[in-house]
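These numbers were taken from a predicted model, which means no experiment stands behind them. Just so we're on the same page: letters track the sequence lines, and every chain starts at 1.
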Amino acid sequence: MDTITGKLNEMQKKAVLAGDGPVLILAGAGSGKTRVLTHRLAYLVMEKNVPPQSIMAITFTNKAAREIRTRVARLFGESVWFPWAGTFHSICLKMLKMFPDSLGYRENFVIYDQEDQKTLVKDCLKELNMDSKIFPPRMIVHSISRAKDELIDPEKYKKSNEGDYRLSGVAEVYELYQKKLLEYNAMDFGDLIFNAVTMLENFDKIRGYFQNLFRHILIDEYQDTNLAQYKLANILSRIHENIFVVGDDDQSIYGWRGADIRNILEFEKDYKGCLTIRLEQNYRSTKNILAAANDVIRNNARRKGKTLWSEKGDGSRVQCMTASNDFNEAEKVASIIAEETEKGRKLDEFAVLYRVNAQSLRLEQALKTRNISYKVFGGTSFFQRKEVKDIIAYMKLALNPDDNVQLKRIINMPRRGIGKTTVTRIEEIAASLGSDMYDVAIRAGDYSILRSAENRVKEFTVIIEKLRKAAKELPVDDFYDMVIEASGLVKMYEAEGTVEARSRIGNIRELKSAILSSMEEFPELTGDEMTLEGFLSNIALSTDADEEKEGPYVSIMTLHSAKGLEFPTVFIIGMEEGIFPSYQSITESADRLEEERRLCYVGITRAMDEIYLFNTSERTLYGHTQRNLPSRFLAEISPTRMEYMSSGRGYGYGRKKTTRSTGFGLTRGGKPIDIASLKVEAGGAADVSTGQRVSHRKFGEGVVTSSEGTGEDKMIVVEFEESGTKRLMASYAKLKVLED
DNA sequence: ACGCTTCCAGTTTTT
DNA sequence: CTGGAAGCGT
């Protein structure tokens with residue numbers, strides 16, 4: 001028992017030892033939630049004798065799943081296999097593969113990523129004669145994905161959007177899109193969850209089987225679940241009712257991807273009699289950092305409410321700096337890192353976080369010129385690279401020739417003289433026959449209209465036939481060799497001879513190492529040999545397979561990708577209105593802005609010892625230069641926690657003289673001004689600004705959360721403690737500004 | 001069929 | 001400023 005609870009604090013212990021029934025753990029940032037989960041798993045197996053195969057443990061990333069596995073293994077002193085530990089997607093895939101024909105899918109179905117989805121949507125638009133200007137494929141993919149997150153099928157979608165021209169159009173596409181997916185024997189990410197839920201709902205026996213199987217369900221990052229995932233867990237936990245969820249409503253930052261913060265906010269309502277435990281002791285950050293984070297998140301209305309505390313010392317104050325422009329900002333970050341490493345600190349103690357990937361460019365340049373090693377996380381992942389996807393398309397098609405999307409991708413890749421006309425003809429013939437394009441291609445000679453292209457098409461089908469045979473006979477690594485050889489893709493890049501082509505060949509070769517390492521891992525995990533099907537599903541569900549980088553490096557990434565990580569020193573750059581919070585979140589809704597604020601909270605709480613917040617007075621993004629006011633989040637942090645560093649002007653090459661001012665004014669046009677007095681709009685005549693506390697004679701006290709327009713027309717949104725959120729006209733509302 | 005030019009839009013992205 | 005897509009000329 002001591003090995004399980006020995007190093008836990010009281011609250012953590014209570015969570016780990018909780019009895020049967022639903023349990024909600026509200027775990028603040030850095031409060032040891034992974035520790036609680038792993039200890040809970042160990043407790044269930046070691047003390048309660050629950051067989052590992054009857055525990056479902058769900059995380060959001062493969063990385064988190066791996067982490068939990070290795071940490072549980074450490075507790076056990078040996079590796080115990082939890083067959084149902086993984087991501088929502090991998091677990092659903094596993095359930096679906098156990099009963100593949102229940103939903104009309106054939107075995108060997110493949111998984112579509114976003115790019116495949118977009119391609120398929122474009123095909124649907126063309127077939128429906130719809131204009132992709134009016135119905136941008138990106139937006140449609142998004143709408144379809146959101147619908148699936150909310151368990152809305154095409155029929156329901158159509159019904160609930162009757163009369164709306166745009167959404168009815170989306171419904172049309174959605175319907176055809178699903179039809180094609182089934183024909184092509186493919187599922188997208190959303191389908192994995194949606195179909196698993198559908199399968200459980202429609203088949204009593206299957207449902208009963210899983211409901212009995214899972215005596216305990218544990219879910220990490222519960223604040224990021226969507227409705228479909230909520231439903232899945234809800235159905236599966238109905239018999240044993242042991243649902244143990246861990247999350248932090250203040251870290252819900254994926255609403256735009258369908259995550260429904262309601263799931264965690266209303267867990268107690270949905271699971272009556274649940275045990276709720278708050279983990280508020282933070283083991284990560286200094287008091288100043290936590291205070292700043294608490295200051296920011298306090299301004300959100302939609303939250304459970306929780307205040308983190310720490311036994312660590314105050315540490316240094318939040319370092320704020322206004323750079324003249326983005327170039328200068330990057331220079332400063334780089335120079336601080338250089339200075340600190342000269343004092344003996346390691347590069348991997350630093351992370352630089354930003355709102356959008358496009359911001360990384362300047363930073364990379366600045367770090368490069370100083371020879372500071374760095375790694376950009378996120379961005380295009382290895383398996384998304386064009387050349388890698390092409391190879392995978394060959395593999396997918398060999399496994400599943402029904403897949404027209406992959407066929408169209410590679411039929412003329414490398415060039416073999418099959419152009420648009422031929423492809424369209426094959427497509428039309430296939431459509432009128434009700435068969436797949438591959439069937440038509442292989443019989444190209446039978447169709448007079450294809451006669452002229454027959455030889456070139458045959459060249460392609462011969463390759464695929466060879467690969468289909470090989471796919472059944474060869475182990476995956478040998479099969480890969482054959483794909484390289486038969487497709488001629490590497491040969492094509494070799495002929496190109498450019499630097500870019502060489503890097504593409506490098507990536508293709510890298511894919512082989514990915515295969516080899518999965519082949520090693522696979523039998524360990526499942527006891528089976530890795531099949532082509534297994535490999536393809538594996539990589540479809542993994543993103544973090546990037547090549548390891550040698551040596552210590554500075555981590556640079558978006559705020560989103562930083563979730564779950566920690567660093568001694570964190571820089572957040574671009575703390576500006578319109579950047580962070582993003583322009584869209586300011587204009588769209590209060591909810592979106594609250595999510596943005598949570599993102600800020602996530603960012604600040606990544607820091608253990610030091611945090612630097614940067615903004616610029618001028619920034620070039622997407623080719624145009626803009627002047628942004630400092631982020632409202634800066635104004636929300638108590639000045640007593642901040643230290644404002646101003647510096648000599650200069651555009652990157654000026655002297656790096658840094659002067660410290662005792663106050664916290666922001667330097668603009670040479671005059672220091674108080675952050676709290678900044679207006680949201682440049683030049684606005686209104687006298688209330690976002691973040692300010694105001695009082696209204698009828699509504700009571702509240703906080704200004706957003707505003708739009710200027711002068712007479714200025715509208716502000718105020719969240720009143722008693723009366724809720726109100727939209728008011730600033731000039732008529734007769735608000736009194738409260739001093740703190 | 002293919003390559004070259006022009007035009008346009010452009011968050012965040014655990015799967 | 002980028003990358004992707006559509007359009008046009010060979």
Round to the nearest Å and state the distance from [X] atom [atom1] to [N] atom [atom2].
X        : N      : atom1 : atom2 : result
A/Asp113 : B/dT14 : CG    : P     : 12 Å
A/Glu364 : C/dC1  : CD    : C1'   : 15 Å
A/Gln229 : B/dT14 : CD    : C1'   : 10 Å
A/Gln359 : C/dC1  : CD    : C1'   : 15 Å
A/Leu565 : B/dT14 : CG    : C1'   : 11 Å
A/Gln365 : C/dC1  : CD    : C1'   : 11 Å
A/Met557 : B/dT14 : CE    : P     : 12 Å
A/Phe383 : B/dT13 : CZ    : C1'   : 17 Å

Short N-O contact, [X] and [Y], less than 4.0 angstrom:
X        : Y        : answer
A/Glu596 : A/Arg355 : yes
A/Glu566 : A/Arg284 : yes
A/Asp123 : A/Lys126 : no
A/Asp116 : A/Lys396 : yes

5′-ward residue of the pair A/Ala540/A/Val356 relative to DNA chain B:
A/Val356
For A/Lys563 and A/Gln584, take the nucleotide of DNA chain B holding the closest heavy atom to each; which residue's nucleotide lies nearer the 5' end?
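Taking each residue's closest nucleotide, the earlier one in sequence belongs to A/Gln584.
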Between A/Phe614 and A/Phe571, what is the ring plane arrangement, given parallel below 30°, perpendicular above 60°, and tilted in between?
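Because their plane-to-plane angle lies in the 30° to 60° range, the rings of A/Phe614 and A/Phe571 count as tilted.
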Tell me whether the rings of A/Phe210 and A/Trp84 are parallel (<30°), tilted (30 to 60°) or perpendicular (>60°).
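The rings of A/Phe210 and A/Trp84 stand perpendicular, inter-plane angle above 60°.
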If you check every side-chain atom of [X], which of [options] has the closest atom?
X        : options               : answer
A/His560 : B/dT14, B/dT12, C/dA5 : B/dT12
A/Lys122 : C/dA5, B/dT14, B/dT13 : C/dA5
A/Gln114 : B/dT13, B/dT14, C/dA5 : B/dT13

Would you say B/dT12 has OP1 or OP2 under 4.0 Å from some side-chain N or O of A/Ser582?
no
Could you tell me whether the phosphate oxygens of B/dT14, OP1 or OP2, come under 4.0 Å of any side-chain nitrogen or oxygen in A/Thr59?
no
Looking for any heavy atom pair under 4.0 Å, which part of the strands does A/Tyr254 touch: base, sugar-phosphate only, or nothing?
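Contact class for A/Tyr254: base.
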Contact class for A/Thr620 vs. all strands (heavy atom < 4.0 Å): base, sugar-phosphate, or nothing?
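No contact.
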On DNA chain C, does the nearest nucleotide to A/Lys118 precede the nearest nucleotide to A/Leu361 from the 5' side, or the other way round? Give the residue.
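Nearest nucleotide further toward 5': that of A/Leu361.
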I'd like to compare against my own output: the B/S/- annotation of nucleotides 1-10 of chain B with a strict under-4.0 Å heavy-atom distance to protein.
SSS------B
Test log, rule side chain to side chain contact (heavy atoms under 4.5 Å, CB included), inputs A/Asp220 and A/Lys33
CA-CA 9 Å; A/Asp220 191 14; A/Lys33 98 191 143 77; 3.1 Å; yes
Measure across A/Ala196 and A/Met95 and return the closest heavy-atom pair with its distance rounded to 0.1 Å.
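Taking every non-hydrogen atom into account, CB-CE, 4.1 Å.
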